[in-house]
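For reference, the structure I am asking about is given below.
Naming convention: chains lettered A, B, ... in sequence-line order (proteins, then strands); numbering from 1 in each chain.
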2 protein chains.
Amino acid sequence: MYINLLGYVCLFKRKCKNLLHKCRILLNYSVKKITALSKNMTKSKIPKPAIERLCTLYRFLDMCEEEGTTCISSAQIEKQLHIGSHNVRKDISYLNLSCSGSGGYNIKKLKSQIAAQLGFTQPQNICIVGLGRLGTAILAHERIAESEYNLAAGFDSNINKLETIRTRVPVFPSYEIESVVRQMNITLAIIAVPADAAQSVADKLIGAGIRGIVNFAPVVIKTGKSGVFINNVDILGKLNLLTALLKANSSEIYQ
Amino acid sequence: MYINLLGYVCLFKRKCKNLLHKCRILLNYSVKKITALSKNMTKSKIPKPAIERLCTLYRFLDMCEEEGTTCISSAQIEKQLHIGSHNVRKDISYLNLSCSGSGGYNIKKLKSQIAAQLGFTQPQNICIVGLGRLGTAILAHERIAESEYNLAAGFDSNINKLETIRTRVPVFPSYEIESVVRQMNITLAIIAVPADAAQSVADKLIGAGIRGIVNFAPVVIKTGKSGVFINNVDILGKLNLLTALLKANSSEIYQ
DNA sequence: TATTTGCTGTGAAATATTTCACAAGTCATT
DNA sequence: AATGACTTGTGAAATATTTCACAGCAAATA
């Protein structure tokens, strides 16, 4: 049997280097950990899937409230949202609160508690880049106006188009993105431009200090900057997912 | 110390009933399990998060292919998609294939393998309900035309509007949903109607045998029928999610 | 008042998913 | 051919998430 001995020596050397590197990392990590602990930064982490579910729940509660319902039980939520009642209760328990009354949760209370924990209380300024059909459709979205988000600006690269748009939202040419975003303190953005323009728009937005992007363009937006969150809503991707789930036939709902 | 003894007796009785119920369920379950095993239904399950990532990857590979790239490594994918390279490799390993060449995966091969495993090979007929700004924007989506999905029909309740829409996709009034969906063998649907009409439209679609729905209306669609997959794309929900993630400051990307 | 029902909240157990470490392979360079 | 710098693929370990079971209430009912 032939053994590549020198290959192994090489491997060994590399491992030593890796080890050294890891020692350095570990040292760094320890220091950070100790600092964090000493500052008592024990942020009780909510699992990400739970955060997603809570967002859906929040939207749902909003709907219920409009319809005039005041109370809802975890069992009812299970029926409507296809989230197991165990799961619902657990998710809510992460919030460390209690808003149970007779017949389940008090919707108003629960909603405000979720809002407080997830940070929906402070109104945020948002903007839309790309005022084509999709962009203007979002501009006209009735519920955004009623929400905790303030649609502060719209952008489009076609200056002639800007004048034809009838909306109460102030609109600007795309080259003003950076200055307007900074001036108006806009934190979230919605991208609704064609695929080829999406990445450069995203770069501008991130450069201007945007913290989160919902991207409707059919490309995957990349970001080098950490702390910026991107949510790619690609319709073909969604269709693909449905196809795949149908084939795998796992659970029924995907939010 | 006061003990509610009778309460406990009652609890005990309830537990006995529950136990009996569970025995029945267990019996059923066992029978099913044995049948399944005997039929060798060992469908090697891909975890749902992995399926989601593979869908994103598939879209991304499509993009790369258009740009003319032929090979890509897991490390490069990590940089672009913010999915850890370990994770990428693991996900791909669920597919039980090997398409590695020099310098990483062969894009064309990998793409076709994902398509085969996730069921993207057979073209599917899809339809859009609601031809407002959002609906027509989707109708005009260039990439859908090039994709494995065939946009077979559009529906709107406003009959007068139908005549004004210029598109190659055949359009019908909403009351024909059931018959057209059945006739054309449409399996997936996109809902782009106002919030108040969404649920009734969904019910019609599901009644007609639709298997999956992408819902852009800002409500959570419910389904009693199992085997129907619903993907609610609520823009306010997405914004909420970004806000919550920013507050929690967990990872950076959410697809 | 006695009993029953229905509900939440939550540690602990069970399960699912991600990360890790490394064998094994390919190719370019010395 | 020796070496080094890249890969992937994958069991096993580590971690995260979900599910379960039930105490503990509150309200409804007999």
**Asked** Can you list the residues that meet the side chain to side chain contact (heavy atoms under 4.5 Å, CB included) rule with A/E78, with sequence neighbours excluded?
**Response** A/S85
**Item:** B/Q76 (side chain) donor-acceptor with B/S73 (main chain) under 3.5 angstrom
**Value:** yes
**A/S147: partners by side-chain hydrogen bond (donor to acceptor under 3.5 Å, both in side chains), with sequence neighbours left out** = none
**Asked** What residues form a side-chain hydrogen bond (donor to acceptor under 3.5 Å, both in side chains) with A/Q124, not counting sequence neighbours?
**Response** A/T187, B/T243
**Request:** Please state how far atom CZ in A/R53 lies from atom C1' in D/dA16, giving the value in whole angstrom units.
**Result:** 12 Å
**Prompt:** Want to settle it: does A/P49 or B/S74 sit nearer the 5' end of DNA chain D, counting the closest nucleotide to each?
**Reply:** B/S74
**Asked** A/N106 has an atom CG; how far is it from atom C1' of C/dC7, in whole Å?
**Response** 14 Å
Under 3.5 Å, which protein N or O atoms sit close to an N or O of nucleotides 10-13 of chain C? Give each pair with its distance.
residue, atom, partner, partner atom, Å
C/dG11, N7, A/K90, NZ, 3.3

**Prompt:** In whole angstroms, how far is the P atom of C/dT19 from the CD1 atom of B/I83?
**Reply:** 11 Å
**Item:** Interatomic distance, B/H82 NE2 vs C/dT19 P [rounded to whole Å]
**Value:** 15 Å
**Asked** How many Å lie between NZ on A/K48 and P on D/dT15, as a whole number?
**Response** 19 Å
**Asked** Does the side chain of B/N87 get closer than 4.0 angstrom to OP1 or OP2 of C/dT17 through an N or O atom?
**Response** no
**Message:** For A/R53, give me all partners under side-chain hydrogen bond (donor to acceptor under 3.5 Å, both in side chains), at least two apart in sequence or on another chain.
**Reply:** A/N87, A/D91
**Message:** Can you measure A/I107 atom CD1 to C/dT8 atom P for me and round it to whole angstrom units?
**Reply:** 12 Å
**Request:** Mind checking side-chain hydrogen bond (donor to acceptor under 3.5 Å, both in side chains) for B/N240 and listing every partner two or more places apart, or none if nothing turns up?
**Result:** A/R59, A/E148, A/Y149
**Spacing between A/E78 atom CD and C/dC7 atom P, to the nearest angstrom** = 11 Å
**Item:** Euclidean distance, atom CG of residue A/L95 to atom P of C/dT8 [Å, nearest integer]
**Value:** 14 Å
